[in-house]
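Note sheet for the following structure.
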Protein chains: 2
Amino acid sequence: MTTAEQADTEEAATEIDHLLAAATAAATPWAQLPPRARADALDGVADALDAAATDLVAAALRETGLPQARLTGEVQRSTVQLRMLADVAREGSHLRVVLDRADPGFVLGPRPELRRWLVPLGPVLVYAASNFPFAFSVAGGDTASALAAGCPVVVKTHPGHPETSRRTAEIVRSALARADAPEGTFAVLTGTSAGVRALRDPRITAAAFTGSVAGGRALFDIAAARPAPIPFYGELGSINPAVVTAEAAQERADRIARGFVGSFTLGAGQFCTKPGVLLVPRGTDLPERVAELAEQVPPARMLTAGIAARYRERTAELAAVPGIQVLVRGQEHEHDSGVPAFTPALFHAGPAESLRVHAGALLEETFGPAAVLAEYGAEDDLPEILAAVDGSLTVTVHTGAAPTGTERASLAPLLDLAAQRSGRIVFNEWPTGVAVTAAQHHGGPYPASTSIAHTSVGTAAIDRFLRPVTYQNAPAALLPAALRDDDPWRLPRTVNAAGESGRWAPARR
Amino acid sequence: MTTAEQADTEEAATEIDHLLAAATAAATPWAQLPPRARADALDGVADALDAAATDLVAAALRETGLPQARLTGEVQRSTVQLRMLADVAREGSHLRVVLDRADPGFVLGPRPELRRWLVPLGPVLVYAASNFPFAFSVAGGDTASALAAGCPVVVKTHPGHPETSRRTAEIVRSALARADAPEGTFAVLTGTSAGVRALRDPRITAAAFTGSVAGGRALFDIAAARPAPIPFYGELGSINPAVVTAEAAQERADRIARGFVGSFTLGAGQFCTKPGVLLVPRGTDLPERVAELAEQVPPARMLTAGIAARYRERTAELAAVPGIQVLVRGQEHEHDSGVPAFTPALFHAGPAESLRVHAGALLEETFGPAAVLAEYGAEDDLPEILAAVDGSLTVTVHTGAAPTGTERASLAPLLDLAAQRSGRIVFNEWPTGVAVTAAQHHGGPYPASTSIAHTSVGTAAIDRFLRPVTYQNAPAALLPAALRDDDPWRLPRTVNAAGESGRWAPARR
């Protein structure tokens, strides 16, 4: 290392240190704001982003090459997320306030008074994603849910859209300042080494990540190896298998082919929910139909040169699988941006069983517009084949419009397996497009997520940044507002009275 | 390794393999039982344990040397836990059923119908603890909450009470069989290497542990390093600091001294909630009072020779801290069982600041009947000193009976720190004795827990073994019973209607 480089590194370290010190100083005042005040601040951030949407979209257009309509929609998605989470914060049932009254007659001996609620974890580190310059980036779902939970946020920006990130951050910071949020509530840092240094810092209490298996696992390992390990909410990779039943193929082969091609090529296949594998019944013309439609899709630019390079490698790997047939050979095109564009690639793996035999190559995510088809027959045990799939964000099943008794019975083991291996089971639709709602679950067994019980999309995402604290026998004057009997915050609460425990006593038997 | 040893190892490996295969086979049928059926099975286990209580207590008496009343109470605690968790399973709000109706007018574009609930993780590995032969052992809280969640359980028994474990396991197994639970729903294994082998097995989906920092961290690291990491719910160690305010010392020094000695010597100090450090205001006679009372406590047998050996080392380490004063020198006594007994040991660390200076020795848990006192004065910043404490299960604060404005203001920073560093703040009582209720939280930042958002005591313990699955646009016939519109299981549910999203739209601004 030259002296100049060393000075740079030291400067970066000092900057990270200042920024984490500020986040730590902000943690208690931001956590202790009444829910309404914090929610209003988030609404303010949403309003400011909406007001700047034109400018933000222009920056993202230059940096990502994503279509304008998509980017405009993504800014909107981000601001809707912020407002939904503001409403969650206002309403307060996510804080799960529970009061147990003191119970001298409790079945196991006198029970003290206990009052529990959830409190924010503290400063959260968010790693922005490449493929959503707004909705999973500086002011995306992770930031919105951590801020709504009451945690200061430090975002490690993605190098794929630096200017978009800088502008977004500036808007978030000013809006929070206007809402009198403590200084240090929000900050950004850039560069891989800064991201790793912050993750190792004891002041960071949790991290959220959306990206590749390789990158995400490396960070997960760092979080787990800390002297005090912290939760690492990583959403890494997913093959999103889709199955078409014989009934569905018979009823609407064309619609299914169109839907599949639309879904796996959407956004140049750069969605974590892209259906990567389609299982179709043997003896239909679905493979040909899908191939025909895929041939017609125009080239689409990849997000970054790095993603394009990795995509090139992965498609070469797929093409080299023994017995695989290349139905559509994707073409690489030059693009003004310097980042290449691709037309879709489609592979036919032959019999479904080959997915299991060559699982290493065929059942790994390919980030980009490529998909693998396979055909199954009566002799195949689909659940057994799908058991070779690692954890997946979604499993998609296309059934007959009104499943018959036979179809239902034959689907049961497949649906059991789908529930075991994924976080969302999609019926007769496609997995791309993840609605931001209360019942959404965007997660699943590893590597879909490093934290199987948590979602990164939807209002339940706030749960990731909270932890319980119980107050035992506290003098009223020393209780947090949320737990007091006079209940100034009016949060939903459950109250357990004394004298209810008799039914658990051994004596009753 | 000799040939005989190798044959033993192979036999053990085969046995573990069979047992995990059985647990895996049981996972789906056990998970799919209606809540009532599973709850009834748990009630059956509780009844069977109650019926065998005399025999179980006799075995534990021989193996642990714990007092008979304590053991009898512990069996009761275990059966009450089972019945409480059966009621939780029956009631069903822990499954957090949420339905979003399809919404063609959703602010971000048409929203599909989404239905989410929580499903069991799959086979769970439970490591039994040394210090609770019933309540944190074969049929303890971890087992009860995992079974209630719908997960098969494999318990790695503790070597401190093998016969108690064997008998308990036999009762649990027979009771589950009588309730027609699938074979493989419950099993035990013994030995450290078997416990590690099972943790590495991909069929295990989560683990729960109560024990030492060294042992728990080693297992946590194994769980995190698996190709597919799994949740590891470890409750490792805790110093449980207690602070006495000047007002409290003035009001009731004697009661505080009695309470503290009772709490830190209870069960020979072998509770994870033992208050290990007491901070008292300078210039009171609390140290002398505590010492006098501690001198009168009779010797108590340790649970195992290993724990006794480690305790001997730790107290020697404490005695060697520069400037420490030994107020009560604990005595070691021989005991019929072969495991030694000890009278309490009490150390005076001098000024509170020394806790921070010698944190490595003074703020590490000592498992056994030893405690450390320190005195603080007006010049001391108590929160800053307590910030040297690692994550702790509890922080205890003794205040004046009716805190004055001044006391309240001066306590605020301390209570903020207590909420950051612990999972339960105890006022004017002592942390030993952990009520099994809804509002309980037995956990905290690392090393109190390896999973900061979860409790191992109380009904919320069930949350550790569940994960969300969302059904999108599912034909009614293919939905799990819990999510169907005809709602045969009558679980609590939240339903979000269409047309509600207008308030989040940017347009409203």
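Below, chain A is the first sequence line, B the second, and so on; all start at residue 1.
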| field | Under 4.5 Å from a heavy atom of chain B, the part of A:Arg101 involved | value | neither
| field | Main-chain N/O of B:Ala438 paired to A:Arg116 side chain as donor or acceptor, under 3.5 Å | value | yes
| query | Can you name the residues that form a side-chain hydrogen bond (donor to acceptor under 3.5 Å, both in side chains) with B:Asp87, not counting sequence neighbours? | reply | A:Arg503, A:Trp504, B:Arg90
| field | Part of B:Arg226 lying under 4.5 Å from any heavy atom of chain A | value | backbone
| field | For A:Ala439 against B:Val98, the heavy-atom pair lying closest together | value | CB-O, 3.6 Å
| Given the options A:Thr79, A:Thr437, A:Thr205, which has more heavy-atom pairs under 4.5 Å with chain B than any of the others? | A:Thr437
| task | Considering only heavy atoms, give the residues of residues 394-408 of chain A separated from chain B by less than 4.5 Å, sorted numerically, with 'none' for an empty result. | result | A:Thr399, A:Pro403, A:Arg408
| request: Locate the shortest heavy-atom distance separating A:Asp50 from B:Pro506; write the atom from each residue and the value. | output: OD2-CB, 3.2 Å
| Between CD1 of B:Ile230 and OG1 of A:Thr450, what distance do you get to the nearest 0.5 Å? | 13.5 Å
| Side chains of B:Gln440 and A:Asp100: closer than 4.5 Å at any heavy-atom pair? | no
| task | Determine the option with the most heavy-atom pairs under 4.5 angstrom with chain B, choosing from A:Phe220, A:Trp117, A:Phe106. | result | A:Phe220
| So which of A:Pro431, A:Pro227, A:Ala435, A:Pro110 has the largest heavy-atom pair count under 4.5 angstrom toward chain B? | A:Pro227
| task | Could I get the full list of salt bridge (charged side-chain N to carboxylate O under 4.0 Å, His left out) partners for B:Glu113, not counting sequence neighbours? | result | B:Arg115
| message | Suppose the criterion is salt bridge (charged side-chain N to carboxylate O under 4.0 Å, His left out): which pairs have a residue in residues 463-479 of chain B, not counting sequence neighbours? | response | B:Arg96-B:Asp463, B:Asp142-B:Arg464
| task | Look only at the side chain of B:Arg77 and the backbone of A:Leu108, and say whether a donor-acceptor pair between them is shorter than 3.5 Å. | result | no
| field | Among the listed options A:Pro445, A:Gly423, A:Ala228, the residue most often paired with chain B at heavy-atom distances under 4.5 Å | value | A:Gly423
| field | B:Thr470 side chain reached by A:Ile425 side chain, heavy atoms, under 4.5 Å | value | no
| Can you find a heavy atom in the side chain of A:Ile452 that is under 4.5 Å from one in the side chain of B:Leu121? | yes
| request: Please name the pair of heavy atoms, one in A:Phe427 and one in B:Leu478, separated by the smallest distance, quoted to 0.1 Å. | output: CE2-CD1, 3.9 Å
| Would you call B:Gln420 and A:Val469 a side-chain contact if the rule is heavy atoms closer than 4.5 Å? | no
| Quick one: does A:His454's side chain get under 4.5 Å of B:Pro468's, heavy atoms only? | no
